[in-house]
Amino acid sequence: MIHSLFLAKEKAGDPENVAPVLQTPHHYLISIYRDKLFFVSVTQTEVPPLFVIEFLHRVADTFQDYFGECSESVIKDNTVTVYELLEEMLDNGFPLATESNVLKEMIRPPTILRSVVNTLTGGSNVGGTLPTGQLSNVPWRRVGVKYTNNEAYFDVIEEIDAILDKSGTTVFAEIQGVIEACVKLSGMPDLTLSFMNPRLLDDVSFHPCVRFKRWESERVLSFIPPDGNFRLLSYHVSSQNLVAIPVYVKQNISFLETGSCGRLDITIGPKQTMGKMVESLMVTIPMPKSVLNVNLIATQGTYTFDLSTKVLLWDIGKLNPQKLPNLRGSLSVQPGAPKPEENPSINIDLKIQQLAISGLKVSRLDMYGEKYKPFKGVKYVTKAGKFQVRT
Amino acid sequence: MSTGALYNDQPGGAEAAVEAGQETTPTSSGTGAAFGLFSSDFKKNEDLKEMLESNKESLKLEAMKRIVQLISKGKKSSDLFPAVVKNVASKNIELKKLVYVYLVRYAEEQQDLALLSISTFQRALKDPNQFIRASALRVLSSIRVPIIVPIMMLAIKEAASDLSPYVRKTSAHAIQKLYSLDADQKEHLIEVIEKLLKDKSTLVAGSVVMAFEEVCPDRIDLIHKNYRKLCNLLVDVEEWGQVVIINMLTRYARTQFTSPWKEDAVFDDNEKAFYDSDSEEKQGQKEAKPYIMDPDHRLLLRNTKPLLQSRNTAVVMAVAQLYWHLAPKHEVSIVTKSLVRLLRSHREVQYVVLENIATMSIQRKGMFEPYMKSFYVRSTDATHIKTLKLEILTNLANEANISTILREFQTYVKSQDKAFAAATIQAIGRCATNISEVTDTCLNGLVLLLSNRDETVVAESVVVIKKLLQTQPTQHSDIIKHMAKLFDNITVPMARASILWLMGEYCERVPKIAPDVLRKMAKSFTSEEDIVKLQTVNLAAKLYLTNSKQTKLLTQYILNLGKYDQNYDIRDRTRFIRQLIVPNEKSGTLNKYARRILLASKPAPVLESAFKDRDRFQLGTLSHSLNVKAAGYQELSDWPAVAPDPSVRNVEVIEPVREWAPSVGKAKQPKSDDKFYSDDEEKEEEGSGSGSEDSSSSSSGSSSSSEESGSESEEESSEESGKTSSDSGKSSSGSEASSSESEPEQKKKKRTKKATQRKSKQSAADSDSDENGSGPVGKTSSSSAESSSESDSEEDSDVDSPPPPSPPQKKTVAKTKPKVEVKTKKEVSLLDLDDFSPAPPSAPKSSVFSSSLLSDLEGLSLSNVSSAMQVTTPSFGPVKTYELLHHMTGKGFSAKYHFPRQPCLYQPSMVAVQVILTNSSDHSLEEIHIGDRSPASLNIHCFNTVERLEPGASVTVSMGIDFSDSTQAANFQLCTKEDQFSVSIQPAVGELLMPSTMTEPDFCNEQKKLMGMNETSASITMATANTSKQNISKQVLSVANVGVVSSGQNDLQRFAGRTVSSGALVLVTLELREASTALLTINTEKSVMASMLLRDLKQALSQS
């Protein structure tokens, strides 16, 4: 059964290429591949594949949440907790508790301190009562939350997905955003978050706590937040608006028809940055397999070339508009190999602090239902999502 | 390496056992060392046994943890069973849970010992703590020991009537487990399911429907009475339950309602790419049609729609498939955006969603065409994702976008991923056959690829070219020649075979080359692949028949080689061919027909999508994903021709929806179906201003008032809501029936009523432009109270009149809604359109829109304006008329058009256009209508076909065009019975706006939000004649359909409007400077529109 998955993996070469839904003689395998691990579920009957895929990702998220990372060694070290978690998350193939707030009430995440205390006192990680969330109308929030410092932070994170062609014109660009919240408020606060320009949001999906009706009628987010970190909203900015592309790339990658070398010359400069600094600039180029090595000089930052995966990585850091970073040099190609058909595409990573590139702005956050004054904060970040330059 | 299944494989359960597989080769010894002490040695288990039997909890716990680790590694520990079972009654919860894990794992192989634990569970089932009761039932039902079936049955029955919904939920899960253990219990279990289906708790709903699907999916009769409840609960059910319920309801609806598709066929074209889901309007249109959607059907569609916003991808997909399978065709497209959104999710999610989009895009191109770019391939995508995207792009290709797509394909062909490049070539082939305009372009492109360096690319091109040539066997001999030249260099067997086949098929077009190729093949025959050999034999035979003089010897040589080939297929074929073509005494009549047999013209292969036959499966299912019918797949039935009796779903008394759920947070969440679209009501309920009260009182006079009040009262006491709303259903159906009977009379009545209402409202608007603000009302409320009392009395008489309840006319809640909208909206929007003669908006019988009805419905289009700033009708009526079709080109038929600057009644996103058709020829024109349009996605609402236009006569028709806020011309064909003329309407940018009234502070507020990028300004010099305030506004209004914002400052003039399509604000400010210069500023998100508008305004103001 599992064997057929590995067969499929071998056939596909890259584990990312394994089809998530597979048929074996007696079973159907639905799998996800995450953090170098396959999470596989086995079914014998009809089931919506997304139902299972979504659940598996939830499981992986939960592990991540509990153990800080989701890797083979961590899972092996925490087998007991893993079993306990799965026991609560699934009953006879039907998902039970998948909210992390609820799970944490039933099974406390392992910490060093707690395990020391438990060994001394014989205490356990498993809560003895039914989590209140399971029964209430707000299953995502537990009752009796108490903080001395009441604070609510919202991060507006926008990602630019773009494909630019050789000449630098935009083939496709769009902005996707999320609002990640970290809410540490006592009691049962009822929050209202409103935007200066909610019309920008074209398509949205909410955390279950958001009252859909209020959004429909007033375009405000009204919700009783879960405790801790959660994703409040993900949105898509209407495609009619022009997307500002923060950087431009001047590139020239060429391979000589004869002889075993090629040239590479890349310069990156700021384009529409709204006066903000472009940071964490990083360029990734998956080179053709026939490239043996590179010999380059970077005016800023450092570059590495992974000989096995043939990925060229150039870590630039901050973009200085006065002195544009440049990477140039020669590529050595396997002798005798034909000239690569296509030049490699350039993937760009960047970060711009204090800017939501779509122009989205939170206008205010109000709290009802509790008396104290919370500390509030909103942060904006723009990142490059799938930002690709074709060459 | 794998950790082993955590749960037993129970047949029939959609069971997800999670395993962590390792990506690279197993290196488990490293971590194994940590547990090495306990792993293999049997004696070490003795050690564990001792620990389990000790008195110390901590030791026991430690032992259990180690045992669980053993289980996880697939090591045997069943000999510890007796020692473990003793701890089942432990007080330590963690220990207990681990014992449960162990018990469930080993009970089946140690049945006798497992029985020892049963009494503990039976005791726990009576525990006062619901948590303990539930977990006892959970474990008890997971112990797969047939002997305890009766005990389980009893426990399930008891738990099904437990006070705690959590325990009831657990019992629903237990049903499935028991069923898989002993299918004979089915009848009893169905009884329990029936009982649990009646449960009102949102906790239980999902689980019991799951049990229903597992045990008795065919018993849809159990659903009838619970249908409406399930629909209404749906929003509040937990996400996993939502998926199950939606899927079940999809199947249910297909058996209970009639198809909404038949009548739609006419509408479908007009409403393509209809993203703005304004369902009131649709219903309004629907009403004119004989097809009437069952209100329960509508209820389901309406209650699932908000779930498209769920973060759970499975829920979104479930709703999407529900719309696909159940909604009228023109409503399906509302799911597009959400599906495209899912493409941002994990790779696996993308895969499944793309598969479904691929199937959908075959049938409905229009749905995804606007999102074409979302399917562009990135070099970092996984191969299967790339292929699916390619498939979708190919499906979406049409005349309008093919050049874009081909340009994109060009990039893909060069991809380093050769499998993907090959797939792209196939896709180009498909586009070439589907779209005849580009066949030649594609063919030329493919020929160029023949000189590509990569073999797979060349091979694939050859194969595709072969197919293309077959569909177009005209004068392509040069391509065949070219391929013959390349033949020596091509080594891929399939490609060689394809070229040989082409030579043979068209040997008469290349009479010189074909024999030469055959000569070469004769030389290399023995070293070729089988498939090439077969085609060589084939080529030889064909040449023998057409050109026997040159090739006779060659053919015989090849046939001889083939006769002794190792492969029997080739020997077989050779023998057959020889008999067929070489005449001898034995061969009979067949020989005569050899030519006709071998050189018959062959039908061209149809290049079609691999997803073509997938639509036989319900979308979103495993079966669809695999394209194989999976075990347990439930067919979606066809729509019944006649709907089964809808009254089976009637429930006598609907009790309060959530008695178990303490209504903490989501109390304001929509539960009731009838509130989803009535934004006004919601606002009224939530706003506490006195202004809101007045409008609600005036609208409560309308014919469906009972329904409205029902929903309002529900907010206060959900107890009553059920009763009221079902009552309202009855009463409104009564009034409906009566209204259709005494239509003309009522028409008159309503007209007068509306007039008064409008007047009263006008005064309200005068005194307080902020609709739902809390400003002073004073006079307003009294005047509207007047009108409401007036209409009240009228409505009373409506309701009182005896209702003849014939089923087809019966309309309940859903049907009456549009009327509410029409009325309330009328009040606010049609202030000065008194000159229209309104007909009753409820006339459901008239199948064609009469013009008066149309104008009456005009207000509908504004229903999605939610903010405080309402769009109003224009204060300036321009009469710029443009030529659409000159009578010279139109052979006496001419057309002119102008923009009436009224909100378009068909769709709010459309711009209204009035067209004056004139017949200046000497014969009458018949059947004037709109034909093809381009781009094909252009959303036009056509005017009704003008049956006959006499010579010299002219007629004015109105149409709606969705320009999508761009000044791109709308091209379409104006057709008469004999002729068709291509015409185009290019709107000035100012016509794409609708005026918006707002106060000065509002304006300034909005303006602040639209600074920076969104601001365009220029200083202009005005013609002297224009410097007065009136003249400026006249000029501005003539250019753009905006509203004047009254201003206190003399040197500032402000105008506000919204774009028709997306409703983005456009704010125009004109700041007068000295000496007839001024600063013109435009604030809007639409920067392109802004610059165009700026240019137009500048021009208008500088002219005198």
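Quick note on labels: first sequence line is chain A, next is B, and so on, each numbered from 1. Computed over heavy atoms, backbone and side chain alike; hydrogens, waters and symmetry mates excluded.
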Under 4.5 Å from any heavy atom of chain A - which part of Ser1087(B): side chain
Portion of Ser31(A) that has a non-hydrogen atom of chain B nearer than 4.5 angstrom: backbone
Segment of Tyr633(B) engaging chain A (4.5 angstrom heavy-atom cut-off): both
Part of Arg378(B) within contact of chain A (heavy atom distance under 4.5 Å): both
Region of Glu239(B) that comes under 4.5 Å of a non-hydrogen atom in chain A: side chain
Ser345(A) versus Ser379(B), side-chain donor and acceptor atoms under 3.5 Å: yes
Contacting region of Leu98(B) [heavy-atom separation from chain A under 4.5 Å]: side chain
Val353(B), part contacting chain A, at a heavy-atom distance under 4.5 Å: side chain
Top contributor to chain A interface from Thr411(B), Val457(B), Val101(B), Asn1014(B) [non-hydrogen pairs under 4.5 Å]: Thr411(B)
Contacting moiety of Glu355(B), where chain A heavy atoms sit under 4.5 Å: neither
Side chain / backbone / both / neither for Glu99(A) at chain B, heavy atoms under 4.5 Å: side chain
Ring-ring centroid check His207(A) Phe223(A), cutoff 6.0 Å: no
Which portion of Ser345(B) sits near chain A, non-hydrogen atoms under 4.5 angstrom: neither
Between Lys1086(B) and Ser1062(B), a side-chain donor and acceptor under 3.5 Å: yes
Interface moiety of Val352(B) toward chain A, non-hydrogen atoms closer than 4.5 Å: side chain
Region of Lys169(B) in contact with chain A, defined by heavy-atom distances below 4.5 Å: side chain
